Trainee: 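Dumping the structure here so I can ask a few things about it.
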Amino acid sequence: MTFQSGAKRDFQVVGKRLVRPDGIDKVTGKALYGADFSAPGMLFGRVLRSPHPHARIVSIDVSAAESLEGVKAIVTGWDLAEPEDEAIRDIRDNCLARDKVLYDGHAVAAVAATSKSIAKEAIRLIKVEYEILPHVTDVDVAFRPDAPAVQEGRSDETVPEESSPNITRRFEFGHGNLEDCFAKADKIVERSFKTAATHQGYIEPHACLASLGSDGRGELWCCTQGQYLVRTVCSEILGLEASQLRVTASEIGGGFGGKTTVFIEPVALALSGKAGRPVKLVMSREEVFRASGPTCSSSIDVKIGMTKDGRITAGEAVLRYSGGAFPCETVQFGSQAAFAAYDLDAVKTHGFNVMTNRPKEVAYRAPGAPMAVYAVESVVDELCQEFDLDPLEVRLKNAARKGTLSAYGPTFNEIGLMATLEAAKAHPHYSAPLGPNQGRGLSCGFWFNFGGNTCVSLNINSDGTVGVVEGNPDIGGSRASISMMAAEELGVPYEKVRTVIADTNTLGYNDTTDGSRVTFAVGLATIEAARDAIKEMCGRVAKLWGIDEEAVIWENGCAKPASSNAGDFEPMSLADIAAIADNTGGPIAGHYEVNADGAGVSFGVHLCDVEVDRETGSTQILRYTVFQDAGKAVHPDYVEGQMQGGAVQGIGWALNEEYIYGEDGKLQNAGFLDYRVPVASDLPQIDTVILEIPNPGHPYGVRGVGETSIVPPLAAISNAVCRATGVRMTELPLSPARLQKALQEA
Amino acid sequence: MKMIPVSTRINGDEREFLCAPDETLLDVLRDRLGLTGSKEGCGTGDCGACSVMLNGRLVCSCLVLAAESEGAEVETIEGMAEGQVLHPLQRVFIEKAALQCGICTPGILVAAKALLEKNPDPSETEIRYWLAGNLCRCTGYDKIIRAVQEAAAEIRRLQP
Amino acid sequence: MKYVRPDSYEAASALLGEETGIARILSGGTDVLVQMRSEVVEPSLIIDLKHLDGMREIVTEDGGFRIGAAVSGAQLAEHEALCAAWPGVVEAAGLIGSSQIQSRASLAGNLCNGSPAADSVPAMVAAGAVARVFGAEGFRDVPVAEIPAGPGKTNLKKGEFLISIYLPARPERAGDAYLRFIPRTEMDIAVCSAGINLVTGEDGTCTEARVALGAVAPTVILVEDAASALIGSKLDDGALKGLAAAVEAACRPIGDKRGTVEFRTKTAGVLARRAAEIAYQRAGAKR
């Protein structure tokens with residue numbers, strides 16, 4: 001059997017704007033999210049958190065809390081097991097501190113009680129004696145060799161001697177001779193940038209319901225981007241066998257990377273184990289901000305050389321990211337992504353992870369890339385201004401394309417950067433007139449896209465319908481796109497397919513929903529599982545017809561003779577074959593297991609018009625257009641949705657979102673009132689242009705689309721503000737106070 | 001804490017419950033009455049995910065004490081569809097992909113319905129300002145605004 | 001915690017007077033419940049007064065408006081005569097929170113919460129609004145400007161609470177306006193703000209003015225020098241510059257997560273100037 005490949009294929013289902021299967025549940029309030037589950041006899045958990053950014057725990061006295069009526073269990077970090085893996089030990093210590101608290105909001109103990117109000121009272125009765133230690137929350141301060149050590153002995157062999165104890169790892173990427181190539185430049189610009197830590201800001205706080213028996217069997221319902229990851233981490237932290245802990249992912253109320261680890265799940269399991277009753281644990285919004293993962297704060301130096309006709313001769317960057325109080329590798333992605341959009345003879349990036357007394361970083365949409373690309377795209381823009389060159393022409397001149405040796409190592413295959421740049425250039429937005437105090441900015445963006453471990457089972461039901469079982473939570477419409485790909489491949493109507501998300505005991509291991517991997521990797525596995533089922537169906541039909549398997553082909557949802565030579569048989573539909581499966585060998589199913597590669601990188605270009613109120617420093621977004629390569633847009637509505645959602649998160653990052661720490665090391669804005677995500681009235685329409693440059697690594701040409709869109713807004717907006725005001729801002733967010741000050745000084 | 005008996009009408013049905021004096025309407029809807037369609041995103045009136053109608057006015061149910069709802073009419077997302085027939089807003093939200101994760105959707109639908117009952121033909125700006133108290137982190141609001149506009153047009157056509 | 005719905009002002013005052021713990025009046029609840037949820041304030045007594053006579057009504061009185069203490073922002077915006085007479089006050093109240101908050105938040109609650117950044121307060125102070133207070137000794141009328149005592153504090157005595165706010169009758173050629181600065185377009189606390197109320201003569205000369213500022217001092221402040229800069233002028237550039245300078249001189253803000261001292265000071269001047277121009281236009285006078 002051979003299967004038609006590539007995006008040029010004449011699609012019947014893929015590419016249509018179909019209704020999502022979970023739509024009705026989600027518009028009627030029936031869909032069950034993390035906090036919507038309950039169980040008989042359920043207790044309510046609550047976590048005690050450190051008020052100090054850095055302190056040694058001298059003692060914890062739980063006796064008064066324990067004797068409060070209604071309190072059924074209390075746990076501390078010492079109730080958790082000893083995982084072998086260092087990264088999982090870090091997660092454990094983040095869930096419940098042991099020797100030291102490492103940031104304001106770090107969990108210290110937890111209780112389970114018969115009501116929320118008793119749990120609240122019990123928390124206050126726990127007496128913790130702290131020995132306060134010096135703290136550091138700023139990445140540049142923490143980078144200094146004399147900075148207070150957040151943790152000792154966490155630097156690996158890549159870190160030079162005599163460095164700050166907070167530097168845990170150093171990365172280096174690049175190629176070519178920097179010195180020679182910088183010498184060819186007519187102008188070299190060097191700038192330093194700083195970006196604040198931002199939070200994913202999902203509307204649903206972390207929530208779970210845990211039940212753990214004395215026999216070591218557990219059930220966990222939680223909102224997560226990866227139930228298998230939750231199982232792996234929790235079973236190690238609790239000392240359980242993975243098979244005995246069944247994790248079921250609820251509907252998920254946003255994640256953006258932030259739900260790719262655990263915070264409360266092991267705590268709830270430990271409480272349940274002690275109490276012998278189910279325990280529900282839900283974070284408050286304040287806890288989400290103080291203790292779940294924000295992204296890295298960063299400090300970046302960029303140096304770029306350009307000839308006067310706009311050719312970039314060389315680029316170099318030093319990136320210092322703080323991933324909070326634990327080792328973190330996100331700066332690696334930033335160091336790789338910084339110059340990914342350019343075809344350069346010489347490029348080098350040096351990345352350092354620096355620990356600070358802040359919450360443990362968790363992935364946030366294209367983790368590490370937005371701030372790196374912001375710094376690079378700001379300097380490229382400054383060079384364009386210097387030589388009075390069109391910024392889009394300069395990008396076109398230097399754009400990475402097929403065959404480019406990328407700044408981070410691999411040589412690019414088919415990529416869509418040139419196409420997105422050309423589309424932006426041709427778009428009416430690029431030539432629209434601007435008024436006073438208005439400016440237009442642009443930036444490229446990039447994300448690697450992930451593949452990874454994936455299992456799919458596809459069942460042909462006896463009534464001719466199809467059940468797809470996959471293992472990745474549906475965070476934004478993936479049930480629809482997976483069902484569409486199954487329907488496309490099988491040749492059955494979309495409505496005949498139902499896709500469900502498996503729990504950890506129902507399907508083999510799946511990597512987490514991250515890195516824009518699901519539509520690519522689960523889609524690929526679904527198509528292959530469908531092909532497996534088709535093979536089986538063709539085999540059954542061949543037997544019925546008494547001809548060779550190779551003489552039967554699958555077309556438009558039917559098994560047919562390959563040619564008239566094969567014999568004269570009436571085609572049999574999937575439903576026909578399914579109906580008699582009992583008599584032809586039993587149930588029919590297809591499955592596919594893969595560690596998928598070939599995800600295919602994704603590029604985007606954003607155009608942004610702003611108007612600046614020069615007196616107040618306030619920036620208004622007037623017009624915004626996103627151009628992005630989707631490979632093949634399986635469900636264009638949800639592709640556009642990813643492009644728009646990412647762009648708006650980036651707009652928030654650029655303008656207002658930031659973790660604000662006081663001198664006391666405490667987070668000052670742990671709520672949606674002062675952590676300012678964009679609201680509807682802040683924004684114009686976000687226009688989208690989908691490009692389709694097929695990814696050779698996917699049967700339909702699909703690339704992930706979720707991450708790239710958060711990368712360009714930071715520089716696009718900053719560049720637009722610069723062109724509106726003449727002031728180059730080098731710190732994000734571009735808050736009114738900062739911009740007003742810069743405008744006054746200019 | 002002494003429990004307070006409360007009688008209300010929720011989505012047209014009489015409901016009686018006991019609540020603690022510090023419990024919010026949202027707590028009672030979710031924990032005592034099983035109406036988990038109203039979501040808690042912040043508990044402080046900043047996100048709008050718990051939006052319900054209280055005596056014909058749009059409120060955050062996290063900022064209403066359950067005891068205050070004595071004698072009140074409460075409408076939640078669970079009462080928006082009539083049996084199997086979705087409200088036009090609900091249907092258009094699905095058709096126009098105005099939701100991704102869906103956690104903000106119940107609150108936004110309740111708020112948008114309140115707007116259209118007050119102003120059947122709102123401008124884009126009016127919709128954006130009316131919904132400013134309903135945070136959505138997935139969509140960038142674009143498809144939400146367009147869906148509200150389209151549903152409004154449809155409702156106007158049906159009710160000339 | 002107790003929740004009580006007394007059946008008279010007297011009963012409410014008695015309860016408030018007797019309470020030894022923290023008591024809170026529920027008019028709209030949009031601050032009280034946030035404080036409870038954040039565990040900033042844990043009241044032992046909540047007194048719900050919304051159902052009492054007059055608490056949810058707007059009535060005209062001597063050409064002005066008596067606004068019950070539990071009248072919501074949405075109700076204010078629906079009252080045409082009030083919107084025509086005091087657009088600045090109504091807009092200021094309308095800026096408090098979201099559509100959801102507007103269904104509940106009240107002028108009285110905004111005032112008694114004691115925040116120097118309360119949106120409606122500078123507008124009310126500029127308007128010369130008067131609060132009617134009920135206590136053990138019955139009613140007393142207090143200018144709104146005299147209610148705030150500092151962040152989170154009021155000058156109300158034990159057992160006292162607001163039952164209404166009075167906005168006086170408007171003369172001819174009067175206009176008011178309120179502007180605040182927030183980083184977003186909605187859903188923020190004012191970083192600084194300005195309320196302006198003025199009256200002009202037939203020739204467009206400003207004859208009376210009141211300028212009040214929010215979030216630039218421990219309480220909302222009335223700035224007489226700023227008013228003086230406008231009075232006698234036709235809001236020419238010189239007068240507006242004088243206004244901004246007087247405003248900046250009066251600012252003594254804190255620097256915090258919402259804004260620096262410099263930003264609040266400078267921006268308060270900008271807002272006062274812009275608000276003055278709107279108020280002047282509303283007064284029917286053109287520059």
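Order of the sequence lines fixes the chain letters, A, B, ..., with proteins taken first and strands second; residue numbering starts at 1 for each chain. Hydrogens, waters and symmetry mates are skipped; everything else that's a heavy atom, side chains included, is used. All of these numbers come straight from a predicted model, not from anything done at the bench.
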Trainee: Should A:Thr28 and B:Leu86 count as side-chain neighbours, where that means a heavy-atom distance under 4.5 Å?
Mentor: yes
Trainee: Using non-hydrogen atoms and a 4.5 Å limit, figure out which bit of A:Leu32 sits close to chain B: side chain, backbone, both or neither.
Mentor: side chain
Trainee: With a 4.5 angstrom heavy-atom cut-off, which part of B:Phe93 approaches chain A: side chain, backbone, both or neither?
Mentor: side chain
Trainee: Need one label for A:Tyr675: side chain, backbone, both or neither, based on atoms under 4.5 Å from any heavy atom in chain B.
Mentor: side chain
Trainee: Quick check: closest heavy atoms across A:Phe672 and B:Cys42, and the distance to 0.1 Å?
Mentor: CD1-CB, 4.1 Å
Trainee: Is the shortest heavy-atom distance from the side chain of A:Ser681 to the side chain of B:Trp130 under 4.5 Å?
Mentor: no
Trainee: For the interface with chain B, which of A:Thr688, A:Leu683, A:Asp682 has the highest count of heavy-atom pairs at distances below 4.5 Å?
Mentor: A:Leu683
Trainee: With only heavy atoms counted, which part of A:Ile203 is less than 4.5 Å from chain B, the side chain, the backbone, both or neither?
Mentor: both
Trainee: Donor-acceptor pair, B:Tyr141 side chain versus A:Pro678 backbone, under 3.5 Å?
Mentor: yes
Trainee: To check you understand the geometry: which heavy-atom pair defines the closest contact between B:Gly41 and A:Pro205, and what is its length?
Mentor: O-CG, 3.9 Å
Trainee: What residue, out of A:Val19, A:Leu673, A:Asp474, A:Leu18, has the most heavy-atom pairs lying under 4.5 Å from chain B?
Mentor: A:Leu673
Trainee: Can you tell me how far the CD1 atom of B:Ile103 sits from the OH atom of A:Tyr202, to the nearest 0.5 Å?
Mentor: 12.5 Å
Trainee: So which part of A:Gln200 gets closer than 4.5 Å to some heavy atom of chain B, the side chain, the backbone, both or neither?
Mentor: backbone
Trainee: How long is the gap from CG on A:Asp637 to NZ on B:Lys96, to the nearest 0.5 Å?
Mentor: 7.5 Å
Trainee: Take atom CD1 of A:Ile24 as the centre, draw a 6.0 Å sphere, and report whether it contains more than 12 heavy atoms from other residues, nucleotides or ligands.
Mentor: no
Trainee: Any ion pair linking A:Glu640 and B:Lys143 (charged N to carboxylate O, less than 4.0 Å)?
Mentor: yes
Trainee: Between chain A and each of B:Leu131, B:Ile144, B:Leu135, count heavy-atom pairs under 4.5 Å; write down the option with the most.
Mentor: B:Leu135
Trainee: So which of A:Ile651, A:Val288, A:Val677 has the largest heavy-atom pair count under 4.5 angstrom toward chain B?
Mentor: A:Val677
Trainee: Could you tell me whether A:Glu251 and B:Lys39 have a side-chain N and a carboxylate O separated by less than 4.0 Å?
Mentor: no
Trainee: For A:Gln644 and B:Asp142, which I'm curious about, is there any donor-acceptor pair between the side chains at under 3.5 Å?
Mentor: yes
Trainee: Nearest heavy-atom pair of A:Gly29 and B:Glu78: which atoms, and what distance?
Mentor: O-OE2, 4.3 Å
Trainee: Take A:Asp36 and B:Arg30 through the test side-chain contact (heavy atoms from CB on, under 4.5 Å) and record every step on the way to the result.
Mentor: CA-CA 8 Å; A:Asp36 298 339; B:Arg30 291 180 52 81; 2.7 Å; yes
Trainee: Does any backbone or side-chain atom of B:Thr139 lie under 4.5 Å from a heavy atom of chain A? Answer side chain, backbone, both or neither.
Mentor: backbone
Trainee: Counting only heavy atoms closer than 4.5 Å, note whether A:Pro684 contacts chain B via side chain, backbone, both or neither.
Mentor: backbone
Trainee: Between atom NE2 of A:His199 and atom CZ of B:Arg137, what is the distance when rounded to the nearest 0.5 Å?
Mentor: 9.0 Å
Trainee: Taking atom OH of A:Tyr33 and atom SG of B:Cys101, what is their separation to the nearest 0.5 Å?
Mentor: 5.5 Å
Trainee: Using a strict 4.0 Å threshold on nitrogen-to-oxygen distance, state whether A:Asp687 and B:Arg146 make a salt bridge.
Mentor: yes
Trainee: Heavy-atom pairs under 4.5 Å with chain A - which of B:Gly79, B:Gly37, B:Cys47, B:Ala97 has more of them than the others?
Mentor: B:Ala97
Trainee: If you apply the rule salt bridge (Lys or Arg N to Asp or Glu O under 4.0 Å), what do you find for A:Lys116 with B:Asp31, and how did you get there?
Mentor: CA-CA 11 Å; A:Lys116 288 181 193 171; B:Asp31 298 342; 2.8 Å; yes
Trainee: Which atoms of A:Ala35 come close to chain B, meaning under 4.5 Å heavy atom to heavy atom: side chain ones, backbone ones, both, or neither?
Mentor: both
Trainee: Where does A:Val648 contact chain B at under 4.5 Å (heavy atoms): side chain, backbone, both or neither?
Mentor: side chain
Trainee: Examine whether an atom of A:Ser38 lies under 4.5 Å from a heavy atom of chain B, and if so say whether it belongs to the side chain, the backbone or both; otherwise answer neither.
Mentor: neither
Trainee: Mind checking the CG-CG spacing from B:Leu99 to A:Asp22? Nearest 0.5 Å is all I need.
Mentor: 7.5 Å
Trainee: So, are B:Asp46 and A:Arg285 salt-bridged, with charged N and O less than 4.0 Å apart?
Mentor: no
Trainee: Is chain A contacted by the side chain of B:Glu40, its backbone, both, or neither, given a heavy-atom distance below 4.5 Å?
Mentor: backbone
Trainee: B:Leu109 versus chain A, heavy atoms under 4.5 Å apart: side chain, backbone, both or neither?
Mentor: side chain
